[in-house]
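Structure, as structure tokens:
Convention: sequence-line order gives letters A, B, ...; per-chain numbering from 1.
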Amino acid sequence: MTNSSPQRLLTPKEIGSYAFLALILLVVLPMSMDVFRLNLVGKYLSYTFVAMSLVLCWGYGGILSLGQGIFFGLGGYCMAMFLKLEASSPENTAIQSTPGIPDFMDWNQLTALPWFWEPFNNLGLTLLAVVLVPGLFAFVIALAMFKRRVGGVYFAIITQAVAAILTILIVGSQGMTGGINGITDLRTLLGWDIRTDDAKFILYFVCVFFLFASLLLCQFILKSKLGRLLVAVRDTEERVRFSGYNVDNFKIFVFTFAAMLSAIGGAMFTLQVGFMSPSFVGIVPSIEMVIFCAVGGRLSLFGAVYGVLLVNFAKTTLSEAMPEVWLFALGALFIAVVSIFPDGLAGLYKTYLEPTVDKIFGPLYKKFKQILPSRGSAVKSN
Amino acid sequence: MSDKDFVLAVEGLTVSFDGFKAVNDFSFYVEENEIRVIIGPNGAGKTTVLDLICGKTKSTEGSIKFCGKELTKMSEHGIVHAGVGRKFQNPSVYEDLTVFENLELSYPKGRNVFGALTFKRSQEVLDAIQETAEMVFLVEMLDKSAALLSHGQKQWLEIGMLLIQNPSLLMLDEPVAGMSVAERKKTAELLRKITKDRSVIVIEHDMNFVADIADRVTVMHQGKLLSEGSMNHVQNDPKVVEVYLGH
Ligand SMILES: Nc1ncnc2c1ncn2[C@@H]1O[C@H](COP(=O)(O)OP(=O)(O)OP(=O)(O)O)[C@@H](O)[C@H]1O
Ligand SMILES: [Mg+2]
């Protein structure tokens with residue numbers, strides 16, 4: 001396809017990719033797994049939001065964030081706060097010295113709900129907070145850093161520092177955050193018990209729905225001129241700047257968007273796993289996310305999704321068998337990705353498998369292309 | 001004479017890097033539709049002058065007036081929007097994108113976040129890209145990755161990326177460096193074509209090329225103005241011969 005031909009949001013080939021992923025996530029896995037395993041996959045899927053966010057901001061924009069756990073965690077905490085308040089109704093907490101507040105507050109001698117917990121009595125406000133709190137936080141970090149032209153390694157280190165500081169803050173203010181244990185013992189969502197097998201089954205599909213919505217949204221961004229600008233900024237930032245773009249604003253946008261996306265993953269994590277703790281905020285999970293993304297292929301949204309799934313399946317299998325080996329295996333995997341196959345699984349797929357797949361499905365794509373109306377006006381091709 | 005008569009009026013421009021004055025009390029004026037060439041030995045401060053004009057480096061002292069607007073206090077993108085385009089010394093194009101996409105991104109539309117998200121490849125955009133590609137001899141390469149271009153073609157592409165923005169002042173830092181003789185000839189032709197309705201500042205070491213295109217020549221040495229005038233005048237200036245042309 002030439003550059004100047006009209007752009008489609010989805011080419012037949014991409015529709016094929018979506019269909020394949022949908023087949024796996026909506027048919028194969030739910031039919032072949034019990035709810036316990038499926039819930040585990042759901043947990044992994046919540047990480048794919050972070051991996052996708054890294055494809056945008058790191059793979060395309062060249063902004064390495066070693067602190068995506070911050071936003072995953074904040075999104076997760078916002079959701080957890082709502083669920084915790086619902087679980088802490090005066091009836092449920094009658095034995096506490098102050099009934100009606102979360103148990104860990106009572107244990108820490110708090111006698112009233114802190115002000116910033118108040119909005120989380122309302123589901124609508126909570127859902128807004130899930131994306132807006134991490135979004136705003138990311139916006140402030142990005143504004144402060146990118147307007148000062150802090151970038152590259154320095155930016156990565158700062159995101160890492162923020163992740164560390166946030167973890168310390170959460171752990172340190174036990175009475176207000178649940179401390180090191182996090183927010184646990186979550187029960188119902190508007191009266192619907194999320195701990196049951198049925199709920200877990202449904203939440204898995206909700207997660208898959210958001211995953212596809214996010215994939216489409218990311219793809220829309222990457223296919224717009226903004227996507228190409230991100231690549232241009234990664235290549236030669238100066239040239240973009242001196243072509244009349246306010247580069248800082250584009251970086252702020254993509255970093256903030258990535259944060260919001262990660263936060264949705266965090267909220268889905270809380271809903272499916274039933275708790276949120278500082279161990280998903282800090283440096284280690286943040287770096288793990290980068291590894292997931294790198295293994296999948298940092299230039300491929302689908303690659304990121306498969307990367308998360310495969311690494312986590314490996315993690316579960318391996319750490320059940322030999323827990324002490326896992327971290328070394330992860331490290332080795334990362335080194336292999338960086339030095340041997342920098343485009344990750346997506347790159348390997350492209351070189352070795354895609355030609356065969358294209359041969360098989362090529363005629364089908366062609367047929368599809370004729371049926372699909374193209375976006376935009378008919379344009380002469382060069 | 002008021003500043004308004006000049007497209008660009010640089011006065012008393014000084015920049016100091018930790019005490020080292022790379023540009024020192026430098027003044028020069030560029031008229032409408034003029035091709036001005038700046039020459040001078042390595043390290044004379046030529047590139048730094050362009051950096052100062054386009055806002056990449058902030059001046060310590062002095063003023064830069066472009067069509068009556070003071071540039072020293074403007075943002076980089078503001079200066080571009082005002083109509084100043086600048087080519088870098090090392091060709092800088094987006095190597096991971098195609099020639100078409102390089103030109104498309106340079107088209108002056110949809111330059112904020114929302115605009116970029118909703119940007120459409122309208123006929124107008126396609127025409128501008130086609131026209132520019134023809135001008136810089138790259139029509140055949142439109143769908144090729146910019147990384148595959150030769151050094152000279154990258155220089156042309158970058159010039160094209162500036163042309164598509166239609167700046168009223170175009171600044172080119174060593175545009176024919178690394179080009180073959182034939183390519184230099186084509187570039188000289190190109191420059192003459194594109195200066196019909198704009199002013200151009202060119203930094204160049206190749207004296208034949210300079211003689212070929214320059215309306216007037218400014219010679220810099222150690223951050224200062226050494227000589228200025230027609231090619232003929234400058235070539236016969238003993239000061240210039242001593243520090244630069246004599247070598
Ligand atoms: N940001 C900077 N910090 C410190 N010194 C600098 C900076 N930019 C330029 N210089 C110095 O200023 C002097 C002028 O450099 P400049 O690049 O303008 O020279 P030039 O005339 O373009 O030379 P050339 O012909 O080699 O391109 C050099 O000595 C350079 O080392
Ligand atoms: Mg120079």
After noting the C-alpha distance and the side-chain angles of I221(A) and L117(B), does the key distance pass the side-chain contact (heavy atoms from CB on, under 4.5 Å) rule?
CA-CA 7 Å; I221(A) 291 177; L117(B) 278 172; 4.0 Å; yes
Exceeds 12 heavy-atom contacts within 6.0 angstrom, atom [atom1] of [X]:
X: K193(B); atom1: NZ; value: yes
X: F210(A); atom1: CZ; value: no
X: F137(B); atom1: CZ; value: yes
X: E32(B); atom1: CD; value: no

Is it the side chain or the backbone of V84(B) that comes within 4.5 Å of chain A heavy atoms, both, or neither?
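The answer is neither part of V84(B).
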Contacting region of Y107(B) [heavy-atom separation from chain A under 4.5 Å]
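It is the backbone, since no side chain atom gets that close.
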Nearest-0.5 Å distance, CG of residue L162(B) to CZ of residue R239(A)
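L162(B) atom CG to R239(A) atom CZ measures 5.0 Å (nearest 0.5 Å).
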How long is the span from the OG atom in S243(A) to the CE atom in M161(B), to the nearest 0.5 Å?
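Going from OG on S243(A) over to CE on M161(B), the span is 5.0 Å.
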Going by the side chain to side chain donor-acceptor pair (under 3.5 Å) test, which pairs reach into residues 48-57 of chain B, not counting sequence neighbours?
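Checked against side chain to side chain donor-acceptor pair (under 3.5 Å) - neighbours excluded - the pairs reaching residues 48-57 of chain B are E238(A)-K56(B), D51(B)-R86(B).
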Any idea which of N249(A), V247(A), L229(A) has the most non-hydrogen atom pairs under 4.5 angstrom with chain B?
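Looking at each option in turn, the highest pair count goes to L229(A).
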Closest-packed option against chain A by number of heavy-atom pairs under 4.5 Å, given S92(B), G85(B), S75(B):
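Winner by heavy-atom pair count: S92(B).
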With respect to chain A, which residue among V125(B), D96(B), L97(B), N112(B) yields the maximal number of heavy-atom pairs within a distance under 4.5 Å?
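Among V125(B), D96(B), L97(B), N112(B), the one with the most close pairs to chain A is D96(B).
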What is the minimum heavy-atom distance between N246(A) and H77(B), and which atoms define it?
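For N246(A) versus H77(B), the nearest heavy atoms are ND2-CE1, 3.2 Å.
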For residues 223-248 of chain A, pull every pair meeting ring-ring contact (aromatic ring centres under 6.0 Å, His included), keeping only residues two or more places apart or in separate chains.
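Listed once each, the pairs are F242(A)-F88(B), Y245(A)-F250(A).
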Quick check on V240(A) against chain B: is it the side chain, the backbone, both or neither that has a heavy atom closer than 4.5 Å?
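Both parts, backbone and side chain.
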